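A short worksheet on the structure shown next.
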Amino acid sequence: MIKAIIIDDEPKAIAILKNKIERYCPEIELVAETQDPKRAKDLIKLHEADLIFLDVAMPEMSGFDLLKTFENPNFEIIFATAFDNYAIEAIKHCAIGYLVKPIDNEDLVEAVKNAKENISEKTALEKNKILIENLGVKTFQDKKIIIPTLEGLEFINISEIVHCEGVDGYTKLYFKNRKPMLSSNSIGHFNKMLVNQEFYLVHKSHLINLNYIDKYLNEGYVILGEHNIPVSRNRRSDFLEMLKRSN
């Protein structure tokens, strides 16, 4: 059984999530719940919780602020949030689970399944520390991203990524000053995390960092250092318009 705690300032939200967990997640043992994030720290330590369901937006102390109070936050987290682009972006970059309110049953089951796997792999401490570090960084390119590989997890500065190439369901990442890396995640995964943030999906298999563009060729290729990346015909006009707007 996975020992879990719910932390949310709204009693109704706690009741709804508690009911869903009891119905759909039999592997979860709810050992505590609280509306007070300041009390939550003591509860987490007392129960040695494996998993925290943590609301992001709470009036006196946000979920992120609570996380920052731990020196070694080695528990798995599933964040709960209303649709908040900033919060979701920060969480996704660190491969941490999240649920958008109102919480969907299937999303809950999937998040718990992933959390269970992560608990067995003991990756929570590293991921939580990267999230805390990223929250203090204002510039997108200076943040770090967690990349699952065939060997484990890699922690990479976003600014080092030149482009991502989809290869048979995996993604090959090319960097400024290191050898390429193969990730077990698809190109779609990286597109969700990086697109609209100085990255652009120029082709269904190619996601590029706009900061590394050297040249665009009229026949439909963009040059990034030694790499010639094809730009899909149906994306060329939008891509060129975007380049004009950014200059």
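FYI, the numbering just counts along the sequence from 1. Predicted model, so just to flag it, every value in this text is computed and none were measured.
Criterion: ILVMFWY side-chain heavy atoms under 4.5 Å apart, direct or through other members. Under it, Phe199 and Ile145 are part of a common hydrophobic cluster. Cluster membership check: Leu51 does not share its hydrophobic cluster with Val31, using side-chain heavy-atom separations under 4.5 Å among Ile, Leu, Val, Met, Phe, Trp and Tyr. No continuous path of ILVMFWY side-chain contacts below 4.5 Å connects Leu54 to Leu99, so the two sit in separate hydrophobic clusters.
Checked against the 6.0 Å centroid criterion, the rings of Phe140 and His93 qualify as a close aromatic pair. In summary, the aromatic rings of Phe70 and Phe75 are positioned with their centroids under 6.0 Å apart.
Looking only at side-chain heavy atoms (C-beta outward), Glu60 and Asp9 stay at 4.5 Å or farther from each other. Residues Asn209 and Val162 form no side-chain contact, since every pair of their non-hydrogen atoms from C-beta on lies 4.5 Å or further apart. Taking 4.5 Å as the limit, some side-chain heavy atom of Ile132 sits within range of a side-chain heavy atom of Pro73. Using a 4.5 Å cut-off on side-chain heavy atoms (C-beta onward), Asn134 and Lys143 make contact. Looking only at side-chain heavy atoms (C-beta outward), Tyr24 and Val112 stay at 4.5 Å or farther from each other. Using a 4.5 Å heavy-atom cutoff, the side chains of His206 and Val222 are not in contact. Looking at Asp8 and Lys101, their side chains come closer than 4.5 Å, going by heavy atoms from C-beta outward.
The stretch residues 167-186 participates, sequence neighbours left out, in these side chain to side chain donor-acceptor pair (under 3.5 Å) pairs: Glu165-Tyr174, Asn185-His189. Residue pairs satisfying the side chain to side chain donor-acceptor pair (under 3.5 Å) criterion with at least one member in residues 109-120, sequence neighbours excluded, are listed as follows: Glu76-Asn118.
Its side chain outside the 4.5 Å cluster rule for every partner, Ile16 clusters with none of the Ile, Leu, Val, Met, Phe, Trp and Tyr residues.
Separating the CD1 atom in Ile161 from the CG atom in Asn211 is a distance of 12.0 Å, to the nearest 0.5 Å. Note that the CD1 atom of Ile147 and the CD1 atom of Ile156 stand 5.0 Å from one another [nearest 0.5 Å].
The number of heavy atoms from other shown groups lying within 6.0 Å of CD (Glu219) is above 12.
For the pair Pro148 and Leu153, the tightest heavy-atom approach, listed with the atom from each and the gap, is CA-CD2, 3.8 Å.
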